[in-house]
There are 2 protein chains.
Amino acid sequence: MTMEQFEGYTYAEGGVCAAKGFVANGLNCGINPDKEKNDLGLIYSESPCAAAAVYTQNKVKGAPIIVTQRHLEKSKNTARAVIVNSKNANTCNADGIPVAETVSELTAKELGIRAEEVIVASTGVIGQPLSVEPFRRGIPELVRGMSADAHTEAAKAIMTTDTVKKEVAVCFEMQGKTCYLGGMAKGSGMIHPNMATTLNFITTDVAISADLLKEALSDIVKITYNCLSIDGDTSTNDMVSVMANGLAGNREIQAGDEDYQCFRQALYIVMVNLTKMLAADGEGATKMLECTCSGAADQETAITVAKSVVGSDLLKCMLFGEDANCGRILCAIGYADADFDINKVNVELASPCGRIAVCQNGAILPFSEEEAAKILAEDEIYILIDLQSGEYSVRAWGCDLTYDYVKINGDYRS
Amino acid sequence: MTMEQFEGYTYAEGGVCAAKGFVANGLNCGINPDKEKNDLGLIYSESPCAAAAVYTQNKVKGAPIIVTQRHLEKSKNTARAVIVNSKNANTCNADGIPVAETVSELTAKELGIRAEEVIVASTGVIGQPLSVEPFRRGIPELVRGMSADAHTEAAKAIMTTDTVKKEVAVCFEMQGKTCYLGGMAKGSGMIHPNMATTLNFITTDVAISADLLKEALSDIVKITYNCLSIDGDTSTNDMVSVMANGLAGNREIQAGDEDYQCFRQALYIVMVNLTKMLAADGEGATKMLECTCSGAADQETAITVAKSVVGSDLLKCMLFGEDANCGRILCAIGYADADFDINKVNVELASPCGRIAVCQNGAILPFSEEEAAKILAEDEIYILIDLQSGEYSVRAWGCDLTYDYVKINGDYRS
């Protein structure tokens, strides 16, 4: 995946432990019968953090979502730790909430913090009972093994059908202090975030008020994770959390000033890269799709059009087949639930190896099939839409629809 | 496919020619290079018809849609003929409208009627030029060969990736007169109708005013075609037209009385069966899915929930894999954009061989995997949702998502 460069920010190693004062760990505690695979992850900050989270808008909410919401309310948006398991979503079962509470308490006890300082999350199969026994056995060892080097073990613990771990961190200067912000995410199916996304955990050593942290997260989730669709299915357990422990030593950001913009940009860089990683590792995907809708009269229109295109099954199959059936792009633009003039729409098809115009003012142009085939043979495809009706521009991300998506989801439970 | 029985109505042979006074034909005129496949179809009524049509809500509208709208306006909702081609959608190209006008004129001239009495339609690849030459050559022969027996040739002419032709007709009594209503439809991809559907042509010998015909069509399309999704893609060329020539001899239906209800029911029976045929023959499908949402506070809620379930890619893969991963049903109910209490939702899974409860009051129940596997092995699957919040009930239809859907749409153009 191509990592975009942003002036004043450099990519760093360390994932969720790039920021000062954060440690992590991951291991197999027996929820996943495959002992080679981590199923339990932990992130811990040595000092208290301002915390913000956004959650799935699905009416079915996983028990951990409900418990985390309660914790952050009780702790007045502070947190010290994240505990997360994979292989079982702890959702739509009979006693999910007591289980999530017990997991939080076990974690808190071992770390010497309060249960309401724990963010708890789960991912995996929906509607199955989850025993607390594996947690009881695993958490002490998990805590004993915590270190700043073990961030990758934590990132592995949230993988389900993911084929690669997803970590990004960025380094930047603020008030002469070196600051870090890093995150980890899981994909890779049931992904069509609505006001939140899959499991994404972000840490930073910047000092910032909880209110501003929430504001930045809500703004940026709208143009990153919420512009991602793997399969149109909004999960029940989506969550993005950010923890800021202030150890970088900057004066706490309390208003929408230059420092806030600097922090916001760091958050954007990490979240947009995680989003693209999720798209590239969509279940069964062989290609990442980035669709840019520019020239829109407002942001909402640009989002709606770009998401309509990345969500089209027909278009996704066409990408997989590397067939430049560009009428399907127009079709998906046309059924977007937004107000614009279809007769002004221009479309270009691009990839790292080239770029061609395929539609002008709503009509398909003649184009070189050879050139189109070359573009579609790449594994990052860009669709560039210009509505020619305004100044707003938004990107959305997705992937192709493949035999493997069908295979993976025909027998996910087994 | 199971044909439901309705008291007072019997299924009849004859498709669009079941009603008195209608003839039809179909042939290959050279748009489809495979000479074995019909690509041009015609339906003709020996006497003038009241006509009504609904069209795609996609902003990209095929040229034939625009021309047909103009014709029905000019003719004050009367029509005599339908001319339809497959293999080229005549959409998003440079001169689609003049081509559709010329095709109408050629048809009208050969039949001795006016061009505005012609309903013109196209289906196939979007964004390619369409020559009128094949029509010029084919229409005279098409008209010469018209007969009441050739309805199947017409039904074949609108097949694209369809594997079976789709015709239904029904016979019923009104005012002591025997009446017929029949239709034909095409599938089988880019199907997620919005206020209209794929190409569907319905004929009847009932005498009814154009206004009431339009009212009945609009009501019924909402609970039949518009509750169908094969792949979430709303086509650019969707159209349903109904032509009523009055040859059954009944007094013209002019008000919402008992006769209107009788006619409306006939229209429902034909449209619901065509809808189910489209679902069963969805691109690559091995199973038809019917989802009933009952206990809803209003019709809109029931439609939204049922359509959300049949539209879930994950659920569709699960059906293909015959894996009772029922959390996915709950997940899709939960992200439906409607207002209801998720904690009151009950779900049953059924097929012709059995029925089991899988969810009660929003929580997954323990169920026999053996029984579930037996149910999912059938090729008609029913998901029965009860919101326990009201009296409204609606059905929606879809199919599984398979390797073949991906294959078909990876190389549709070639």
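Naming convention: chains lettered A, B, ... in sequence-line order (proteins, then strands); numbering from 1 in each chain.
With chain B as the partner, the residue from A:P366, A:G321, A:P129, A:G311 showing the most heavy-atom pairs under 4.5 Å is A:G321. Interface remark: of the candidates A:A336, A:A363, A:G327, A:G334, A:G334 forms the most heavy-atom pairs closer than 4.5 Å to chain B. The residue among A:N343, A:V60, A:L314 with the most heavy atom pairs within less than 4.5 Å of chain B is A:L314. For the options A:T236, A:D404, A:V345, A:L401, heavy-atom pairs under 4.5 Å to chain B are most numerous at A:L401. For chain B, the option among A:I126, A:D313, A:I333 with the highest count of heavy-atom pairs below 4.5 Å is A:D313. The most heavy-atom pairs under 4.5 Å with chain A, out of B:G96, B:G362, B:C92, come from B:C92.
With a threshold of 4.5 angstrom between heavy atoms, A:A89 does not approach chain B through any atom at all. The part of B:T402 that comes within reach of chain A is its backbone (N, CA, C, O), which places non-hydrogen atoms under 4.5 angstrom from that chain. Contacts between A:F320 and chain B at a heavy-atom distance below 4.5 Å involve the side chain alone, from C-beta outward. Contact of A:I342 with chain B is made through the side chain alone, with heavy-atom distances under 4.5 Å.
Considering SG of A:C359 and CD1 of A:I329, their distance stands at 8.5 Å, rounded to 0.5 Å.
B:D323 places no side-chain N or O within donor-acceptor distance of the main-chain N or O of B:M318, the cut-off being under 3.5 Å. Proximity of a side-chain donor or acceptor of A:Q388 to a complementary backbone N or O of A:K344 within less than 3.5 Å is detected. Although no hydrogens or angles enter the test, the distance criterion places a donor-acceptor pair under 3.5 Å between the side chain of B:K287 and the main chain of B:L376.
Applying the 6.0 Å contact sphere to CG of A:D339 captures no more than 12 heavy atoms from other residues, nucleotides or ligands.
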>> I'd like to know whether A:T286 forms a side-chain hydrogen bond (donor to acceptor under 3.5 Å, both in side chains) with A:D400, so could you lay out the CA-CA distance, the side-chain angles of the two residues, the decisive distance to 0.1 Å, and finally the verdict.
In response: CA-CA 7 Å; A:T286 68; A:D400 55 349; 2.3 Å; yes
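Listed here is the closest heavy atom pair of B:G295 and B:L387: O-CB, 3.5 Å.
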